[in-house]
Amino acid sequence: MVLADIAAPYSSVESFIYDRVIAPAVLAMGERIAGELAGQIADDAQVLDVGCGGGHLALDIAARRARAQVTGLDLSAEQVARAAARAQARRLAVRFVQGSALDLPFHSGSFDVVTSVASIKHWPDQAQGLRECVRVLRAGGRLVVFEADRGCRLEDAQDFVGRWALPRPLRLPALAAFRTWVAGQAIDLDDARALVGGLSLEATEVRRVPGTPALMLAGSKPL
Ligand SMILES: C[S@@+](CC[C@H](N)C(=O)[O-])C[C@H]1O[C@@H](n2cnc3c(N)ncnc32)[C@H](O)[C@@H]1O
C-alpha cells in the first residue's frame, strides 16, 4: 500500500480513491500545467508521461495536439487499465504501458518531450528515474517534471485541496494530510536544483508554479 510506503505500487483501492477524489484537482491544476507544457510540445511530438496515473494529462495532451504520439507509463497496472479505458471512452489513440520510471521500457532517444506530474516523490531513486527520462529523450528534447513543493504556500495548498471531490468537513483533515504526507514527502526547490544539477541537461529551469502547491524542474538534452 502506498499509504504505508510511498514507493509501493498503488493498490486498487488507492488507485480508485486517487482517481475519483484527487485526480480532478490535479487536473484543474493541470490546466495551468498543460498551459505550461503546451508551449513545449510541437504538433507532431512524441511525448511520454511518466507516472501517468489514470491518464488525464496524457489524454489532455493528445486532445490538444492531434498529431502528437502520446505514451503514458505507470507502475500500477490498475492505473494503466483505468487510463486505457479512459482513452477508449474518449476515442484518443494514446498508448498506456505498465513499467517503472527507474527502468523505462523504451529505446534511448525515443521522445521529444518527457513529462511527469506528481510522481517522482514515489520513486525509490529519483536521480535514477530522471536519468532514465533523459536517456529516452532525443537530443534537443525537453524534460518537464512537476511535483508537490514541500515549501508550498498554505493558500496554494488550501486552494488545491479545496478542489478535491470531498465533503466540506473532510477538507481540513485532507489539507493536513496533503501538507504532511504528500507535500511533506515530496521535494523542495533545493532538492529540485540538486536533481537537475545531476543530469546532463542544458537550458535548465527550476521554479514554483504560481497559484499551485507545485514546483517545476525542466531542461533540454544537448544536441
Ligand atoms: C500522485 S499519482 C499522479 C498521477 C498522475 N500523474 C496525475 O497527475 O494525476 C502518482 C503516480 O505515480 C505512479 N508511480 C509511482 N511510482 C512509480 C514508478 N517507480 N514508476 C512509474 N510510476 C510510478 C503511481 O502508480 C501513481 O499513479
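Since the model is a prediction, treat every value here as computed from it, not as a measurement. Read the numbers this way: they start at 1 and go in the same order the structure lists the ligands and their atoms.
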Per-atom contacts of ligand 1 with [X], taking only distances under 4.0 Å to non-hydrogen atoms:
X      : value
Ala118 : 1 (C), 2 (S), 3 (C), 10 (C)
Trp123 : 16 (N), 17 (C), 18 (C), 19 (N)
Ser76  : 25 (O)
Gly53  : 4 (C), 5 (C), 27 (O)
His122 : 1 (C), 10 (C), 15 (C), 16 (N)
Gln79  : 27 (O)

Is the contact between Ser116 and ligand 1 made by the side chain, the backbone, both, or neither, using heavy atoms and a 4.0 Å cut-off?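 Neither part.
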Under the side chain to side chain contact (heavy atoms under 4.5 Å, CB included) test against Val145, which residue among Val114, Leu215, Leu130, Ile187 passes?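 Filter result, single survivor: Leu130.
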Look at Arg142 together with Glu205 and state whether they make a salt bridge at an N to O cut-off of under 4.0 Å.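 Glu205 and Arg142: salt-bridged.
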Asp44/Arg65 ion pair, N-O < 4.0 Å: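 Salt bridge between Asp44 and Arg65, a charged N being under 4.0 Å from a carboxylate O: no.
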Is there a polar contact, in the sense of an N or O pair closer than 3.5 Å, between [X] and ligand 1?
X     : result
Val50 : no
Asp49 : no
Leu73 : no

Rounded to the nearest 0.5 Å, how far apart are [atom1] of [X] and [atom2] of [Y]?
X      : Y      : atom1 : atom2 : answer
Thr71  : Leu104 : OG1   : CG    : 11.0 Å
Asp159 : Asp156 : CG    : CG    : 7.0 Å
Arg179 : Cys152 : CZ    : SG    : 4.5 Å

Would a single hydrophobic cluster contain both Val50 and Leu75, if residues Ile, Leu, Val, Met, Phe, Trp and Tyr are joined by side-chain heavy-atom contacts under 4.5 Å?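 No, because Leu75 and Val50 fall into different hydrophobic clusters, even though each may have its own neighbours under 4.5 Å.
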Same cluster or not: are Leu154 and Phe160 linked, directly or through other Ile, Leu, Val, Met, Phe, Trp or Tyr residues, by side-chain heavy atoms under 4.5 angstrom apart?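 As far as the 4.5 Å side-chain criterion goes, Phe160 and Leu154 are connected within one cluster.
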Which option, Ala83, Gly51, Ser100, owns the non-hydrogen atom nearest atom 4 (C) of ligand 1?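 Among Ala83, Gly51, Ser100, the closest heavy atom to atom 4 (C) of ligand 1 belongs to Gly51.
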Check each of Leu75, Asp74, Thr115 against atom 24 (C) of ligand 1 and report the one with the nearest heavy atom.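 Comparing heavy atoms across Leu75, Asp74, Thr115, the nearest one to atom 24 (C) of ligand 1 lies in Asp74.
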Take Val144 and Met216 through the side chain to side chain contact (heavy atoms under 4.5 Å, CB included) test and state the conclusion after the steps. CA-CA 7 Å; Val144 190; Met216 185 195 84; 4.0 Å; yes
Do any heavy atoms of Gly99 fall under 4.0 Å from ligand 1?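 Under 4.0 Å: yes for Gly99.
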